[in-house]
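Below is one structure; the comments refer to it alone.
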Amino acid sequence: MRSGRHFLQIPGPTNTPERVQRAMHRAVIDHRGPGFAELGAGVLEGLKAVFRTEHRVVIYPASGTGAWEAALVNTLAPGDRVLMYETGQFATLWKNMAAKLGFDPVFMQGDWRSGANAEAIGAQLRTDKTHAIKAVCVVHNDTATGVTSDIAAVRRAMDEAGHPALLLVDTISSLGSIDFRMDEWGVDVTVAGSQKGLMLPPGLSFNAISPKAMAAAEAGGDRRSYWDWRDMAGPNDKGFFPYTPATTLLYGLREALDMLAEEGLENVFARHARHAEATRRAVAGWELEVLCRNPAEYSNSLTAVMMPGEKGADALRRIVLDGFDMSLGTGLNKVADKVFRIGHLGDFNDLMLMGTLSGVEMGLRRADVAYKSGGAQVAMDYLADNPLQET
Ligand SMILES: *Cc1c(COP(=O)(O)O)cnc(C)c1O
């Protein structure tokens, strides 16, 4: 038997705030009845502020992977070429999906320690004289590596190349944690999910859709039914859905959107930036290395830490789970057992971060690996000396 609360410090699903849990503790209502429309219309409208878009947002009762598929099958015709960038495991999975669906992904190689190279994307697009590439797909924050990509720079590179491809961006682990501006950055389709920065349980995912992407979907696209944006639009305009929505999760979403609005997105981003900085200082204090190479690309929602020496990262994760009841993120695919990931996104505060970093430091000590003690103290000093400046 354990007492006290489990620490869920994986980079999603994240800790669900009590306010959201209470909001979901309700009877399910008729999703075709008048009471539903207000809920539906409210969340569809409220999401726009978080995506920073004026355009349509659709909600699927699906995990983020479903919204990946929706983004592809609505905008691309069978066999269409797509340019995708290998930032880590999530970019790899999206590429695999594109291939499985019968599209033609061109996968630009990355080193799993860096973000998408906008210049290289621009150069690749310049060689595509016939405009065979119909979309560029980038993961804003690759959750496997803790590396972000400069989406505005990717858009600039596309424009400078004079290429008409759509820009599709996965923000599943950045939305509501790291600054993202759909309209300002010229993103055509934004993919998001409920269980990370939006602080909800898993089960909802989203597409935000530019008029250019919607026009592509209306003029063509692939075979689709469940994911079809065209079927969503009519009922959504009245606050309804074409099929049964996840009513309970929508109650939670309404509460989470209220919480983000009350705190203010700028404050939410500053809070995440400060906790990420404190975490990286702890890692440096332990004399360990962050997987992300370029400080400009550091993720503010999670930190992937390279395991020192021969000991596997999963052995450390096991020690931390067994000894201190905390879940840390595992290394995926190319970095399996080589890194562990600390999630510091969503509903989170200074003492939760200090509990997390203390658990890691105690784990390092028990695991008997080469590290310097005192990293948690470095983070504590940083947090104490740098109070959050709210606006
Ligand atoms: C979590 C995640 C996904 C996958 O989402 P699921 O909800 O597990 O289907 C995709 N991309 C990124 C960047 C993620 O963090």
Side-chain angles (χ1 to χ4, degrees), residues 44 47-60 62-78 80-85 87 90-91 93-95 97-98 101 103-106 116 118 121 125 131 133-142 149-159 163-176 178 180-194 196-198 204-224 226-233 236:
L44 287 166
L47 280 166
K48 292 181 182 178
V50 180
F51 285 91
R52 294 201 153 139
T53 185
E54 302 281 310
H55 308 306
R56 183 180 294 285
V57 181
V58 298
I59 306 174
Y60 296 107
S63 88
T65 302
W68 264 349
E69 181 159 341
L72 298 176
V73 297
N74 277 285
T75 55
L76 300 171
D80 272 356
R81 186 160 300 164
V82 282
L83 189 62
M84 305 176 103
Y85 201 101
T87 47
F90 289 95
L93 291 173
W94 203 8
K95 181 268 293 176
M97 169 188 275
L101 289 169
F103 304 118
D104 177 19
V106 175
I121 290 174
L125 291 175
H131 296 166
I133 294 168
K134 299 302 177 195
V136 174
C137 299
V138 180
V139 177
H140 184 209
N141 181 67
D142 203 304
S149 290
D150 185 342
I151 302 302
V154 172
R155 166 47 75 190
R156 272 196 306 279
M158 293 171 70
D159 290 348
H163 199 287
L166 296 167
L167 176 57
L168 278 46
V169 179
D170 171 345
T171 65
I172 296 180
S173 63
S174 55
L175 195 82
I178 301 171
F180 174 76
R181 304 160 189 228
M182 166 142 178
D183 292 0
E184 193 182 317
W185 296 349
V187 175
D188 290 299
V189 184
T190 305
V191 175
S194 56
K196 302 185 184 177
L198 294 180
L204 292 181
S205 56
F206 313 90
N207 279 172
I209 308 158
S210 78
K212 185 177 166 188
M214 189 56 92
E218 275 161 7
D222 197 358
R223 259 199 201 183
R224 61 205 189 269
Y226 186 79
W227 307 114
D228 200 333
W229 293 339
R230 296 167 300 183
D231 295 344
M232 284 282 197
N236 276 185

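Residue numbers run from 1 in the order of the sequence given.
- Annotation: ring pair (Phe, Tyr, Trp, His ring centres under 6.0 Å) contacts of Trp94 (sequence neighbours excluded): Trp68.
- Partners of Asp183 by salt bridge (Lys or Arg N to Asp or Glu O under 4.0 Å), not counting sequence neighbours: none found.
- Residues meeting the side-chain contact (heavy atoms from CB on, under 4.5 Å) test with Leu44, sequence neighbours left out: Ile59, Asn236, Phe241.
- Contacts of Lys48 classified as salt bridge (Lys or Arg N to Asp or Glu O under 4.0 Å), with partners at least two apart in sequence or in another chain: Glu45.
- Closest of all the heavy-atom pairs between Ala67 and Asn207 is O-ND2, 3.1 Å.
- Under the rule for a salt bridge (Lys or Arg N to Asp or Glu O under 4.0 Å), the partners of Arg181 that lie at least two apart in sequence or sit in another chain are Asp179, Glu184.
- Applying the side chain to side chain donor-acceptor pair (under 3.5 Å) test to Thr87 and every residue at least two apart in sequence or in another chain returns Asp142.
- Among residues two or more places apart in sequence or in another chain, the salt bridge (Lys or Arg N to Asp or Glu O under 4.0 Å) test is passed with Arg155 by Asp159, Asp188.
- Legend: residues meeting side-chain contact (heavy atoms from CB on, under 4.5 Å) with Ala152, ordered by chain and number and at least two apart, are Asp150, Arg156, Trp185.
- Contacts of His55 classified as ring pair (Phe, Tyr, Trp, His ring centres under 6.0 Å), with partners at least two apart in sequence or in another chain: none.
- Across all non-hydrogen atoms, the minimal contact from Met97 to Thr65 is CE-O, 3.3 Å.
- Applying the side-chain contact (heavy atoms from CB on, under 4.5 Å) rule to Ala157 yields the partners Ala118; only residues at least two apart in sequence or on another chain are considered.
- In terms of the ring pair (Phe, Tyr, Trp, His ring centres under 6.0 Å) criterion, residue partners of Tyr60 (sequence neighbours excluded) are, by chain and number, Trp227.
- Ser173 meets the side chain to side chain donor-acceptor pair (under 3.5 Å) test with Asn141, Thr143; sequence neighbours excluded.
- Salt bridge status for Asp222 with Arg224: absent, with no side-chain N to carboxylate O gap under 4.0 Å.
- Minimum interatomic distance between Val138 and Ser149 (heavy atoms only, all atoms of both residues): CG1-CB, 3.9 Å.
- Thr75 pairs with exactly one of Leu166, Asp80, Ile209, Val82 by the side-chain contact (heavy atoms from CB on, under 4.5 Å) rule, that one being Leu166.
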